[in-house]
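Here the structure is a predicted model, which means the values were calculated and not measured. Side-chain atoms are counted along with the backbone in the values below, which use heavy atoms only and exclude waters and symmetry mates.
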Amino acid sequence: MQLLNLSSFQLNKGALAEVPRSGLRPLKTNSKGKYQSCSFRLSNNSIPDVTGLQYILSHFLAQPSKLGWLDLSFNKITCIDPILCELSELRVLYLHGNNIWNLSDVDQLREMQYLHTITLHGNAIETNINYRNHVITALPHLKKMDFSAVTREQQVLANVWHHCRNRGKNTRESLQ
């Protein structure tokens with residue numbers, strides 16, 4: 001199913017009646033017909049933003065607050081929306097293959113204490129020379145980024161980079 005955006009999805013009765021594809025395990029539902037799943041895939045659509053995401057999750061999932069894995073890869077998302085921070089139990093977030101261009105958008109995810117895996121490659125932010133250091137510093141709990149492990153050495157180097165960068169900013173500000 002091809003979605004134009006999540007907010008129009010909630011208005012589309014046909015889209016709300018869609019049955020998710022079954023994977024290797026059968027899909028379990030509760031007595032209200034909602035799926036008992038901790039993962040949700042919205043990849044390979046034309047979604048420009050995540051407006052309406054909470055509504056969609058509440059419609060399909062028995063416990064949307066327990067969402068642990070969200071795949072929004074290969075869409076047309078241009079920024080990381082703070083609404084993602086409301087998914088407090090999220091552990092894995094796929095955002096690769098979108099149009100995210102502002103590296104500082106990642107900073108919003110800092111409060112997500114359980115987030116340990118993120119993908120952001122294939123976005124414009126990947127071209128920033130400090131891309132990996134910035135993400136690792138912004139998300140100190142990361143274990144994997146862009147499908148590769150975040151090593152202890154990378155965390156230390158990213159923190160050194162961050163402190164040097166901030167010291168340079170503080171020095172410039174005090175000279176002005």
Side-chain angles (χ1 to χ4, degrees), residues 1-100 102 104-123 125 134-150 155:
M1 159 176 57
Q2 204 65 4
L3 303 179
L4 294 177
N5 63 51
L6 295 177
S7 54
S8 68
F9 183 82
Q10 59 188 297
L11 300 174
N12 183 339
K13 299 290 184 210
L16 290 174
E18 282 286 328
V19 176
R21 284 176 294 173
S22 182
L24 295 174
R25 298 181 194 140
L27 296 170
K28 296 178 184 174
T29 57
N30 66 10
S31 60
K32 295 179 181 176
K34 293 189 178 193
Y35 295 97
Q36 296 176 321
S37 178
C38 294
S39 62
F40 204 78
R41 295 179 187 166
L42 287 168
S43 60
N44 295 296
N45 288 288
S46 298
I47 300 169
D49 60 55
V50 294
T51 303
L53 179 63
Q54 292 289 21
Y55 178 84
I56 301 303
L57 294 175
S58 298
H59 177 79
F60 285 106
L61 300 179
Q63 294 183 301
S65 64
K66 300 287 185 195
L67 187 68
W69 186 75
L70 179 61
D71 185 354
L72 291 165
S73 62
F74 300 109
N75 280 292
K76 295 183 179 184
I77 297 170
T78 58
C79 64
I80 298 174
D81 194 298
I83 198 167
L84 292 173
C85 295
E86 293 176 20
L87 304 171
S88 59
E89 304 253 340
L90 200 63
R91 288 160 169 67
V92 178
L93 178 60
Y94 287 177
L95 288 168
H96 58 278
N98 277 288
N99 299 320
I100 300 167
N102 189 350
S104 64
D105 278 4
V106 175
D107 299 347
Q108 298 174 93
L109 304 175
R110 180 170 288 143
E111 64 190 60
M112 298 179 74
Q113 62 182 353
Y114 298 114
L115 186 65
H116 62 71
T117 301
I118 194 166
T119 60
L120 291 161
H121 63 280
N123 284 284
I125 60 172
H134 185 98
V135 175
I136 291 171
T137 302
L139 307 174
H141 303 294
L142 278 188
K143 294 178 184 169
K144 283 188 183 178
M145 178 181 159
D146 295 338
F147 300 114
S148 68
V150 174
Q155 289 172 329

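Taking every heavy atom of both residues into account, Gln108 and Pro82 meet most closely at OE1-CG, 2.9 Å. Nearest heavy atom pair, residue Asp107 against residue Ala138, reads OD1-CB, 3.5 Å. Between Leu115 and Val92, the closest heavy-atom pair is CD1-N, 4.1 Å. Contact record, Ala62 with Gln36: CB-CG, 4.1 Å, taken as the closest heavy-atom pair. Closest heavy-atom contact between Tyr114 and Ser88: CD1-O, 3.3 Å.
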Does the pair Leu67 and Leu90 meet the rule for a side chain to side chain contact (heavy atoms under 4.5 Å, CB included), with working shown? CA-CA 6 Å; Leu67 187 68; Leu90 200 63; 4.1 Å; yes

Could you give me the CA-CA distance, side-chain angles and deciding distance for Leu142 and Gln155, then say whether side chain to side chain contact (heavy atoms under 4.5 Å, CB included) is met? CA-CA 9 Å; Leu142 278 188; Gln155 289 172 329; 5.7 Å; no

Leu109 vs Cys85, test: side chain to side chain contact (heavy atoms under 4.5 Å, CB included). Steps then yes/no. CA-CA 6 Å; Leu109 304 175; Cys85 295; 4.2 Å; yes

Go through the steps to decide whether Asn45 and Lys76 satisfy the test side chain to side chain contact (heavy atoms under 4.5 Å, CB included), and finish with yes or no. CA-CA 8 Å; Asn45 288 288; Lys76 295 183 179 184; over 6 Å; no

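For Glu86, the salt bridge (charged side-chain N to carboxylate O under 4.0 Å, His left out) test picks out no residue, with sequence neighbours left out. Here Phe74 pairs with Asn44, His96 under the side-chain contact (heavy atoms from CB on, under 4.5 Å) rule; sequence neighbours left out.
Residues Gln54 and Leu87 form a side-chain contact, since some pair of their non-hydrogen atoms from C-beta on lies under 4.5 Å apart.
The line from NE2 of His121 to CZ of Phe147 is 5.5 Å long, rounded to the nearest 0.5 Å. To the nearest 0.5 Å, the span separating CG on Leu70 from SG on Cys38 amounts to 12.5 Å. Between Ser73 atom OG and Tyr94 atom OH the span is 8.5 Å, to the nearest 0.5 Å. Distance check: Ile125 CD1 to Ile80 CD1 gives 5.5 Å after rounding to the nearest 0.5 Å. From Ile100, atom CD1 reaches atom SG of Cys79 across 8.0 Å, with rounding to the nearest 0.5 Å. For the atom pair OG1 of Thr119 and CG of Leu93, the computed distance is 7.0 Å after rounding to the nearest 0.5 Å.
For Gln63, the CD atom is loosely surrounded, since the number of other residues' heavy atoms within 6.0 Å does not exceed 12.
Asn30 places a side-chain N or O within 3.5 Å of a backbone atom of Lys32 that can act as its donor or acceptor partner. At distances below 3.5 Å, not a single donor-acceptor pair connects side-chain atoms of Asn75 with backbone N or O atoms of Asn98. In terms of modelled atom types and a separation under 3.5 Å, the side chain of Lys34 and the main chain of Ser58 share a donor-acceptor contact. With Asp71 contributing its side chain and Leu42 its backbone, the two residues share no donor-acceptor pair below 3.5 Å. Ser43 places no side-chain N or O within 3.5 Å of a backbone atom of Leu72 that could act as its donor or acceptor partner. Side chain of Asp81 to main chain of Thr51: no donor-acceptor pair is present (N/O by atom type, distance under 3.5 Å, no hydrogens or angles).
Under the 3.5 Å distance criterion, with hydrogens and angles disregarded, no donor-acceptor pair is assigned to the side chains of Ser148 and Asp146.
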